[in-house]
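Notes follow the structure.
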Amino acid sequence: DGGITQSPKYLFRKEGQNVTLSCEQNLNHDAMYWYRQDPGQGLRLIYYSQIVNDFQKGDIAEGYSVSREKKESFPLTVTSAQKNPTAFYLCASSTDRGGTEAFFGQGTRLTVV
Amino acid sequence: GESVGLHLPTLSVQEGDNSIINCAYSNSASDYFIWYKQESGKGPQFIIDIRSNMDKRQGQRVTVLLNKTVKHLSLQIAATQPGDSAVYFCAENIANDYKLSFGAGTTVTVRA
């Protein structure tokens with residue numbers, strides 16, 4: 001089946017450690033996105049990528065990093081510089097430059113312990 | 001600043017009744033709007049979309065209305081069912097911009 005796969009579903013991290021969240025899509029989409037969701041709030045954009053080897057900061061990029069070496073993959077690293085990393089992270093992809101729906105993965109819940 | 005927002009954070013609906021979820025937006029350059037449904041612990045799922053050259057679009061049991069004059073978007077769900085219980089988000093997109101901007105969401109609870 002075509003879709004977006006995020007892994008792992010749950011992730012625990014000790015303070016001071018970096019952690020990488022995986023996002024893979026087989027929809028042949030050019031654009032990919034990372035959003036952060038906190039309880040009772042909407043989705044906030046962390047990073048997005050329009051094409052391989054190119055990505056742009058979203059509204060809350062501080063403390064995060066990404067790479068886009070392959071069209072299918074857009075991993076997100078939560079670094080130790082992110083002061084409040086506990087959240088639900090959502091990856092999405094879309095076909096075109098705006099004006100089309102974004103398809104979401106099932107999310108990764110990151111907890112700092 | 002310009003943002004997408006929802007009028008009410010929660011909505012309680014009797015099973016079988018119609019639901020109306022509202023959303024206000026302030027960016028006049030937005031020309032594409034989407035409604036998403038998010039169940040607990042899952043990613044958002046596409047419900048219906050509408051472009052700014054339309055004022056109404058219907059799907060299966062859902063209707064989206066767009067009023068550009070007052071920058072208002074609504075989602076109507078007919079004959080609400082228990083499976084409709086979820087958080088509903090509206091999102092806006094500006095032409096030729098990849099970013100989708102989301103509101104805070106409305107939590108819909110269906111009473112049996």
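Chain identifiers are assigned alphabetically (A, B, ...) following the order of the sequence lines, protein sequences preceding nucleic acid strands; residue numbering begins at 1 within each chain.
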Could you walk me through whether B/Tyr25 and B/Ser101 pass the side-chain hydrogen bond (donor to acceptor under 3.5 Å, both in side chains) check?
CA-CA 10 Å; B/Tyr25 67 96; B/Ser101 297; over 6 Å; no
B/Phe89 vs B/Val87 side-chain heavy atoms within contact, under 4.5 Å:
yes
Are there residues of residues 80-90 of chain A whose heavy atoms fall under 4.5 Å of chain B's heavy atoms? If so, which?
A/Phe88, A/Leu90
Nearest 0.5 Å please: distance from the CD atom of A/Gln6 over to the SG atom of A/Cys23.
5.5 Å
So what's closer than 4.5 Å to chain B heavy atoms on A/Glu101: side chain, backbone, both or neither?
both
Surrounding NZ of A/Lys70 (heavy atoms of other residues, nucleotides or ligands, distance under 6.0 Å), is the total greater than 12?
no
Strictly by salt bridge (Lys or Arg N to Asp or Glu O under 4.0 Å), give each pair with a member in residues 24-40 of chain B just once, sequence neighbours left out.
B/Lys37-B/Glu39, B/Glu39-B/Lys42
Kindly list each side-chain donor-acceptor pair under 3.5 angstrom involving residues 106-113 of chain A, sequence neighbours excluded, with atom names and distances?
| residue | atom | partner | partner atom | Å |
| --- | --- | --- | --- | --- |
| A/Thr108 | OG1 | A/Pro8 | O | 2.6 |

Quick check on B/Ile34 against chain A: is it the side chain, the backbone, both or neither that has a heavy atom closer than 4.5 Å?
side chain
Less than 4.5 Å to any heavy atom of chain B: does that hold for the side chain of A/Gln37, its backbone, both, or neither?
side chain
In short, salt bridge (Lys or Arg N to Asp or Glu O under 4.0 Å) pairs touching residues 74-91 of chain B with sequence neighbours left out are B/Arg61-B/Asp84
Between B/Tyr88 and B/Ile77, is there a side-chain heavy-atom distance shorter than 4.5 Å?
yes
Which portion of B/Tyr36 sits near chain A, non-hydrogen atoms under 4.5 angstrom
side chain
Turns out that what part of A/Leu43 lies under 4.5 Å from chain B's heavy atoms comes down to both
So for B/Gln38, is it side chain, backbone, both, or neither that comes closer than 4.5 Å to the heavy atoms of chain A?
side chain
Tell me whether the centres of the aromatic rings in A/Phe74 and A/Phe55 are closer together than 6.0 Å.
no
